[in-house]
2 protein chains.
Amino acid sequence: MAERRATTTGMLAGTGSTNGGTHAPGRTAERPPSIADVARFAGVSLQTVSRVVNDHPSVRDITRSRVLAAIEQLGYRPNPAARALASGRSKTLGVVALGTNYYGPASTLLGIEAAAQAHGYFVSVAAVHNLDRQSVRQALRRLTSQSVEGLAVIAPYTSAHEVVSSLPRGFPAVVVEGNPNGHVPVVSVDQALGARLATEHLLAQGRGEVFHVAGPDNWLDAQLRTEAWMGVLREAGLTVNPPIVGDWTARSGYEAGQLLAQVPNARAIFAANDPMALGLLLALQERGRRVPDDVAVVGFDDTPESAFFLPPLTTVRQDFERAGQVAVQVLMEQLAGTGTPDQQLIPPTLVVRQSTVPTAS
Amino acid sequence: MAERRATTTGMLAGTGSTNGGTHAPGRTAERPPSIADVARFAGVSLQTVSRVVNDHPSVRDITRSRVLAAIEQLGYRPNPAARALASGRSKTLGVVALGTNYYGPASTLLGIEAAAQAHGYFVSVAAVHNLDRQSVRQALRRLTSQSVEGLAVIAPYTSAHEVVSSLPRGFPAVVVEGNPNGHVPVVSVDQALGARLATEHLLAQGRGEVFHVAGPDNWLDAQLRTEAWMGVLREAGLTVNPPIVGDWTARSGYEAGQLLAQVPNARAIFAANDPMALGLLLALQERGRRVPDDVAVVGFDDTPESAFFLPPLTTVRQDFERAGQVAVQVLMEQLAGTGTPDQQLIPPTLVVRQSTVPTAS
DNA sequence: GTATTTGATGAGAGCGCTAACATCCCTACC
DNA sequence: GGTAGGGATGTTAGCGCTCTCATCAAATAC
């Protein structure tokens, strides 16, 4: 019964009496066309328009093209809020990202976004600026209070883990760069393998024991790299000097380098990421220790710049983009109801450059 | 007209009669409590619950606390889709970001996210992976087909500009790191000032004309830096050698360095970003040109690593976080209907390190 | 003491869309 | 030729929330 609009210019007469009025603010602006407008314009039912928009098969071609023409004509675009409300599907994934511009996490975020886009999904981001449990919990809450269909948590730091496992069981979620924990699948680069590759490569140079500049304790990646480094040394029957713990920054690498430059038998150093390796290079060379002649240095990450450090850095390449891609894949499978493996490990590779082997030239 | 519900386990008694039945898929899962459930539980009307949730002033304290208790008890959380549909407000900002992990754009994205979060807004990201007009247009369309209330476009590359100006006039939007163009306000770091600071600093070293390794042509920042550099040289009455055009990567800086190492009077070089400066440093020093003794180098960005280059890099610091913050501020003002200035320029600062001045020590 | 304002609450409609069901019409089959 | 089957379309009822307006009580004014 009775229309209830007639608010827009150009649809005056004939639109019935019980206007009922819209209550949304900004009435003055022309209300965008709704599915009903399209239906009226095309002379079909509301439902038919919906079918066309959603690519439902059973619509005759003639009808379909008429509707499409109407859509084009009116400039109709479906209202995602209405769609989400009616269907329960928002086509949006939530991502808990890091508030810092670290190479790995930032790349992962981009990888996830790209993959989500490829699957027709939107990405809503909540960045965590402090790595305490509280902040992570809040970010998670922020996102789940959105209508996200699934959640990807970039969680290389330990405090994220238990928070993630507090997610309602059955809610589609994936942890990227995190601990295999409880019921949430995990996608990550194989840190142990990477550290192993780095350490073994240094060992193979015959420079004796390998020193380690580690990442911060509360990062899982740091822990795994340290453990693997330690494991390799133990297997080789070598002394395991306690690692120098940095904080991922070049500065902390520099400080570690100041210390290590004074250690005569520190002739092979594995830094847990590239920026720390950079700081290390600076400190060592400022103190007259030549790289790679006196000391060999390996990093981790293969940031685009590391090939142009002085000297170019041997490092472990992580394919973050791929990690993001796999993470979205895992989410999609959960949304589709297909079972997924518990953990996906992405193998890193060693990139050998001049910080460990003297120039050929 | 017959019921069509009662399919779910466990939503039998207690949930009242006018349950309203869901038709969404996944019925088996318990439907989350709605505002109606809370209202019933608290013995108030639906509307009162809404008022409590939205902090409407005219609710008695007693009522409010009763409702809050019910909310707590039932674990109620407002459904954002329904809210967006009914109110027209989604509390979400769209951000057109870059699909690449460049320091500036990535930092800006984080800055925007942080600021949006502080304003209680969500951020939906669409990354652009190719910088052609087509991709940008698509990203824009993706976001506007979402229910975003406003749009921030990180647009340091030129193709973004005209696309942005195709936005419906009056739609809240802001361009970050872009051209002042038409009706969309712009927030950006003052590139000209930054390049000026860099060039003048080099000039002050008394090393004669300043060479420039520029960013790619299709980047506005690159253009502005090149122009400003040129301007300073002209004012000083010096020769303006054509800039070597790079692509922001350390590799391109390295290649530029290979060329410039052969130019005897290239004793002062301004690189348009830090990674290119890094490549430059490597190439120069590989060829025996000492920095800063033989050649002085200035970068642009002040990435966290540049302080640990070999030698530490003199560079121009851009406060991207602040840019993001201001951008969100501008959006908020538009949403509030307050007028905003057309362009906000954020001044950069010069950070002097050893790549231009010999070590004091 | 009655009229008026103010504050607190409730009722009802509607936001734009989709799911389920109901029709309708055309073809296929015996 | 009648009936079953199936594709195309229409009808209806929500999804969960907010808006406007109405109501009613308490507080204030005259």
Side-chain angles (χ1 to χ4, degrees), chain A residues 1-5 7 18-27 31-40 42-64 66-67 74 76-91 145 147, chain B residues 1-5 7 18-27 31-40 42-64 66-67 74 76-91 145 147:
Chain A
M1 54 190 329
E3 289 276 6
R4 44 176 249 268
R5 48 256 350 223
T7 60
T18 48
N19 177 329
T22 314
H23 49 246
R27 293 289 320 293
R31 185 176 46 72
S34 80
I35 200 171
D37 300 321
V38 176
R40 204 175 309 126
V44 297
S45 81
L46 228 147
Q47 183 55 35
T48 299
V49 177
S50 171
R51 277 192 270 257
V52 169
V53 170
N54 293 289
D55 285 322
H56 189 99
S58 59
V59 178
R60 271 189 313 172
D61 284 352
I62 309 112
T63 315
R64 181 185 306 278
R66 196 153 39 117
V67 171
L74 274 62
Y76 165 76
R77 310 192 34 206
N79 176 322
R83 188 182 277 202
L85 179 57
S87 70
R89 275 177 267 114
S90 62
K91 286 286 179 188
S145 81
S147 319
Chain B
M1 29 205 50
E3 290 270 8
R4 46 183 246 273
R5 57 270 329 235
T7 60
T18 49
N19 171 327
T22 316
H23 51 243
R27 292 292 318 295
R31 185 176 49 70
S34 80
I35 200 171
D37 299 323
V38 176
R40 207 174 305 126
V44 298
S45 81
L46 226 148
Q47 183 52 39
T48 300
V49 176
S50 172
R51 277 192 269 257
V52 169
V53 170
N54 293 290
D55 285 324
H56 189 99
S58 60
V59 178
R60 268 187 315 169
D61 283 352
I62 308 113
T63 315
R64 182 184 306 277
R66 198 153 38 120
V67 171
L74 273 63
Y76 166 76
R77 308 191 37 205
N79 176 322
R83 187 182 279 200
L85 178 57
S87 70
R89 277 176 265 115
S90 62
K91 285 286 179 187
S145 80
S147 320

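In the text below, chain A, chain B and the rest are named by the order of the sequence lines, each starting its count at 1.
Note: CZ (B:Arg83) to C1' (D:dG16) measures 11 Å, nearest angstrom. Separating the CD1 atom of A:Ile35 from the C1' atom of C:dT18 is a distance of 8 Å, rounded to the nearest angstrom. What separates NE2 of A:His56 from C1' of C:dT18 is a distance of 12 Å, to the nearest Å. In this structure, NZ of B:Lys91 is placed 12 Å from P of D:dT18, rounded to the nearest angstrom. At whole-Å resolution of the value, CG in B:Asp37 and P in D:dC17 are 9 Å apart. Taking atom CD1 of residue A:Ile62 and atom C1' of nucleotide C:dC26, one finds them 14 Å apart after rounding to whole Å. If you measure from atom CZ of B:Arg64 to atom P of C:dA8, you get 9 Å, rounded to the nearest angstrom. Going from atom CZ of B:Arg40 over to atom P of C:dG10 covers 14 Å, rounded to whole Å.
Contact annotation: A:Arg89 reaches the phosphate of C:dA19 (side-chain N/O to OP1 or OP2, under 4.0 Å). Residue B:Arg60 has no polar side-chain atom (N or O) positioned under 4.0 Å from OP1 or OP2 of C:dA8.
In the set D:dT9, D:dC17, D:dC19, the nucleotide with an atom closest to the side chain of B:Asn79 is D:dC17. Listed nucleotides D:dT9, C:dT9, D:dC19 differ in distance to A:Thr63; the shortest reach to its side chain belongs to D:dT9. Here C:dG16 is the nucleotide among D:dG7, C:dG16, C:dT9 with the atom lying nearest to any side-chain atom of A:Ala86. Taking every side-chain heavy atom of B:Ser58 into account, C:dA8 is the closest of C:dC17, D:dA8, C:dA8.
Applying the side-chain contact (heavy atoms from CB on, under 4.5 Å) criterion to A:Ala81, with sequence neighbours excluded, gives A:Asn79, B:Ala84, B:Leu85, B:Ser147. Judged as a side chain to side chain donor-acceptor pair (under 3.5 Å), and not counting sequence neighbours, B:Arg60 has no contacts. In terms of the side chain to side chain donor-acceptor pair (under 3.5 Å) criterion, A:Ser145 has no residue partners (sequence neighbours excluded).
Contacts between residues 44-52 of chain B and DNA chain D, defined by a heavy-atom separation below 4.0 Å, involve B:Leu46, B:Gln47, B:Ser50, listed by number.
Side-chain contact check for A:Asp37 versus A:Arg40: some heavy-atom pair is nearer than 4.5 Å.
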Which atom pairs, donor and acceptor, lie under 3.5 Å between side-chain atoms of residues 45-54 of chain A and protein residues at least two apart or in another chain?
{"residue": "A:Ser45", "atom": "OG", "partner": "A:Gln47", "partner atom": "N", "Å": "3.3"}
{"residue": "A:Ser45", "atom": "OG", "partner": "A:Thr48", "partner atom": "N", "Å": "3.2"}
{"residue": "A:Ser45", "atom": "OG", "partner": "A:Thr48", "partner atom": "OG1", "Å": "3.2"}
{"residue": "A:Ser50", "atom": "OG", "partner": "A:Asn54", "partner atom": "ND2", "Å": "3.4"}
{"residue": "A:Asn54", "atom": "ND2", "partner": "A:Ser50", "partner atom": "O", "Å": "2.7"}

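Closest non-hydrogen pair, B:Ile35 versus B:Tyr76, comes out as N-CE1, 3.5 Å. Of all non-hydrogen atoms in A:Pro78 and A:Pro80, the two that sit nearest each other are O-CD, 3.2 Å.
Across the interface with DNA chain C, nearest-nucleotide mapping of B:Val59 and B:Leu85 shows B:Val59 to be the residue nearer the 5′ end.
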